[in-house]
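Following: one structure in structure tokens, then a few remarks.
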Amino acid sequence: MCSSLKLLLAVSVLLQLLDLSRGNKVGVDYGRDANNLPSPDKVAQLVQNHNIQYVRIYDTDPQVLNSFKNTGIELTVGVHNSELPAFQSQPYVDSWLKNSILPFYPATKITYITVGNEVTESPDDSAKLVVTAMKNVVSALKKSNLQDSIKVSTALSFGVLSNSFPPSEGAFNSNLAFVLDPLLEFLNENRSPFMVNIYPYFTVKDDSSLKFALFEPSDRAFVDRNGFRYDNMFDAQLDAVHFAILNQFRRTRKVSDAQLDAIHFSLADQNYNDMKIIVKETGYRTRGPPGDKYSTIDNAMTYNKNLIQHVTSVSRTTAMPGEVHVMSGTPARPNVEVDVYIFSLFNENQKDGSEIEGYWGIFNPDMTPVYNLEFPGKGTNPTPSGRSWCIASPLAPKSDLQKALDWVCGPGKADCSALQPGGGQCFEPNDLVSHASFAFNNYYQKKGLTDEACSFGGTGIKVYSDPSHGNCIYNVKSSDPNGRTWCVASRQASQTNLQTALDWACGPGKADCSSIQPNQQCFEPNTLLSHASFAFNNYYQKNGATDVSCSFHGNAIKVDKDPSYGNCIYH
């Protein structure tokens with residue numbers, strides 16, 4: 001849909017509609033092919049006013065990147081198809097990253113780079129060039145150690161499928177194997193999502209197909225041969241993409257149906273079965289050519305309203321205290337997050353083929369609504385602190401968890417020392433879910449608390465209750481501007497335990513406890529809790545500020561606010 005090379009700038013705005021677990025997200029796509037659109041600063045303000053947490057732009061316009069600095073909004077930036085020939089050169093891409101990305105990062109929170117858009121629909125050589133360009137971008141990111149923080153992908157047209165019905169027989173066009181095979185291998189190797197544009201609108205031919213497209217009861221509902229029931233076209237098309245990926249895997253790896261059904265992949269040995277799929281464009285136009293009775297404001301409002309409700313309506317089950325599983329997704333993947341971008345934020349009166357492209361907007365260029373569409377905004381975290389942790393899903397296959405654990409403690413470089421037998425404070429309970437949970441969270445906190453950092457091939461989930469237990473402390477990302485943390489005594493600890501820990505810290509632990517002696521700057525208040533806090537923190541800072549050094553047998557906790565007071569400075 002959004003493949004015109006005249007596109008000077010486009011932004012997909014992703015709203016965090018649900019933030020209870022692996023949160024589903026819905027967004028809107030904002031283009032610049034109109035003559036009176038608001039400035040980037042005004043758009044950034046509009047985004048913040050609507051509690052929008054994610055934004056996608058199709059280039060690296062400095063004015064736009066600057067407008068989102070220090071907002072906390074996650075950005076996806078893009079590379080135009082016309083730039084792909086230049087992106088065949090690694091030195092060129094290195095320079096592009098240095099000049100177009102790094103000056104703004106991390107103040108502007110960039111999390112995705114999309115290289116090209118609908119390249120298989122482009123009349124030039126974009127499809128032949130895209131994978132090499134993506135590889136060069138990843139190579140450039142690796143030189144700055146950003147390959148895990150910023151993921152690389154490309155958005156494809158739904159037209160890459162040669163068959164989409166029934167969904168379980170979804171298949172890619174064999175003529176596009178030259179680009180799809182290396183693309184899937186690239187996405188698989190780099191743990192990047194498959195991005196596709198899906199438009200049920202284009203299946204509307206009569207009243208019945210209209211209802212099926214609008215998520216309304218219809219006689220078009222059907223049951224797939226695998227027993228999956230489809231009540232709307234969106235789910236059917238999305239699952240067709242999923243099965244096309246699996247079928248492509250089977251073809252390239254020569255895997256039998258029985259083997260395919262038995263295979264589960266995660267990060268260490270990832271299977272396309274767990275590849276995240278993001279719908280980069282979907283929507284419904286409000287105006288069509290003469291005689292088109294289905295392109296109306298009412299139908300567009302109905303589609304987008306029902307889409308948001310469908311994607312964000314979930315069934316929540318609690319597996320253990322403080323843990324919430326989101327049962328969502330599609331019939332074939334019921335517990336997988338669905339991220340969707342609605343096309344588009346504004347009507348664009350200067351787009352090529354304006355009768356097709358120009359009337360998909362939710363707002364007019366002056367920011368007045370074309371129709372009323374409620375954006376729920378960011379969900380409220382169940383904890384007042386707003387903190388989150390990442391743990392392993394007890395529902396994940398053990399083979400997937402083991403491979404993910406091996407990856408995160410190996411190439412992922414998580415600190416798994418606390419899981420070692422014979423002294424590791426998180427070794428017990430000695431089970432796979434517990435060990436994977438600790439390792440996942442360590443990686444998640446280090447990588448900035450992003451959804452991508454808690455994916456692990458679909459085996460990780462976000463929770464908002466501290467999963468720490470006993471003396472096994474799950475670290476949290478500091479809210480301090482400089483990323484600092486401190487270690488203080490737990491108010492839940494008994495006086496006996498605190499005294500024992502204090503004696504050890506000031507004795508064998510070799511903490512500098514001179515400041516808590518009588519007449520010294522940290523003697524007052526003369527309480528066991530205050531003295532233990534100072535001693536614990538001194539030991540913690542001297543020993544690398546690790547989770548292990550803030551254990552004290554479960555009598556200490558890490559905090560991200562400086563506990564210093566008066567003349568008593570916690571170093």
Side-chain angles (χ1 to χ4, degrees), residues 1-7 10 12 27-29 31 33 56 58 76 78-84 112-131 133-134 152-165 167 169-184 186-187 192-204 213 233-245 247-248 272 275-285 303 307 330 338-344 348 351-358 360:
M1 169 64 69
C2 195
S3 60
S4 169
L5 296 182
K6 286 186 64 179
L7 212 75
S12 289
V28 294
D29 186 293
D33 278 347
R56 179 191 177 204
Y58 282 85
T76 297
V79 175
H80 286 295
N81 292 357
S82 59
E83 298 176 89
L84 295 181
Y112 283 110
I113 296 174
T114 54
V115 180
N117 187 59
E118 294 193 339
V119 293
T120 60
E121 305 295 316
S122 182
D124 54 25
D125 290 331
S126 294
K128 297 178 181 179
L129 303 176
V130 67
V131 175
M134 294 167 72
V152 179
S153 189
T154 188
L156 298 175
S157 163
F158 189 70
V160 297
L161 272 68
S162 60
N163 186 61
S164 60
F165 185 85
E169 296 180 17
F172 290 123
N173 186 334
S174 59
N175 293 331
L176 298 176
F178 73 94
V179 61
L180 292 174
D181 286 348
L183 174 62
L184 288 172
F186 169 88
L187 298 176
S192 292
F194 185 92
M195 298 179 177
V196 64
N197 302 331
I198 291 178
Y199 285 93
Y201 165 85
F202 291 111
T203 68
V204 175
M233 181 58 76
F234 178 84
D235 281 350
Q237 290 187 328
L238 187 53
D239 273 352
V241 174
H242 164 64
F243 282 107
I245 294 173
N247 289 331
Q248 193 80 356
Y272 302 142
M275 185 175 290
K276 181 176 180 178
I277 302 173
I278 296 178
V279 179
K280 273 303 183 186
E281 291 181 22
T282 190
Y284 201 102
R285 68 180 179 181
Y303 176 79
L307 172 71
T330 62
V338 179
D339 293 356
V340 178
Y341 293 75
I342 296 175
F343 183 87
S344 61
E348 300 172 83
K351 274 193 89 112
D352 284 346
S354 59
E355 286 191 351
I356 299 295
E357 299 271 3
W360 298 74

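These numbers were taken from a predicted model, which means no experiment stands behind them.
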Without swapping roles, check the side chain of S192 against the backbone of V152 for a donor-acceptor pair under 3.5 Å. yes
Closest contact, heavy atoms only, E121 versus G159: OE2-CA, 4.3 Å
Student check: side-chain heavy atoms of V179 and V160 closer than 4.5 Å: no
What heavy-atom pair brings L184 and F194 nearest, and what distance separates the two atoms? CD2-CD1, 3.8 Å
Which is it for V196 and L161 under the side-chain contact (heavy atoms from CB on, under 4.5 Å) test, yes or no, and what are the steps along the way? CA-CA 11 Å; V196 64; L161 272 68; 5.7 Å; no
In terms of heavy-atom contacts, G116 and N81 come closest through CA-OD1, 3.1 Å
Return the CG to CZ distance between D239 and F234, rounded to the nearest 0.5 Å. 10.0 Å
Between the main-chain N or O of E118 and the side-chain N or O of S157, is there a donor-acceptor pair closer than 3.5 Å? no
Side-chain H-bond candidate by donor/acceptor type, R56 with Y112, under 3.5 Å: no
Just verifying a value: how many Å separate N197 CG and Q237 CD, rounded to the nearest 0.5 Å? 11.5 Å
Min side-chain heavy-atom separation V119-L84 under 4.5 Å: yes
To the nearest 0.5 Å, how far apart are CG in L183 and OG1 in T120? 10.0 Å
Side chains of D339 and K276 in contact at under 4.5 Å (non-hydrogen atoms): yes
Inter-residue atom distance D181.CG - L176.CG, 0.5 Å rounding: 10.0 Å
Reference residue W360; test ring pair (Phe, Tyr, Trp, His ring centres under 6.0 Å); the match among Y284, Y201, Y341: Y201
Minimum heavy-atom distance P200-Y303, with the two atoms named: CD-OH, 3.4 Å
If you look at every heavy atom in P193 and L187, which pair is closest and at what distance? O-CD2, 3.6 Å
Mind running side-chain contact (heavy atoms from CB on, under 4.5 Å) on L180 and Q248 for me, showing each step along the way? CA-CA 9 Å; L180 292 174; Q248 193 80 356; 4.2 Å; yes
How would you list, by chain and number, every residue that makes a side chain to side chain donor-acceptor pair (under 3.5 Å) with T114, sequence neighbours excluded? none
For the atom pair CG (L156) and CG (N117), what is the distance rounded to the nearest 0.5 Å? 9.0 Å
Write down the atom of V130, the atom of V115, and the distance for their closest heavy-atom approach. CG2-O, 3.4 Å
Rounded at 0.5 Å granularity, tell me how far CG in L238 sits from CD1 in I198. 4.5 Å
With F343 as partner, the option from K280, E281, R285 fulfilling side-chain contact (heavy atoms from CB on, under 4.5 Å) is E281
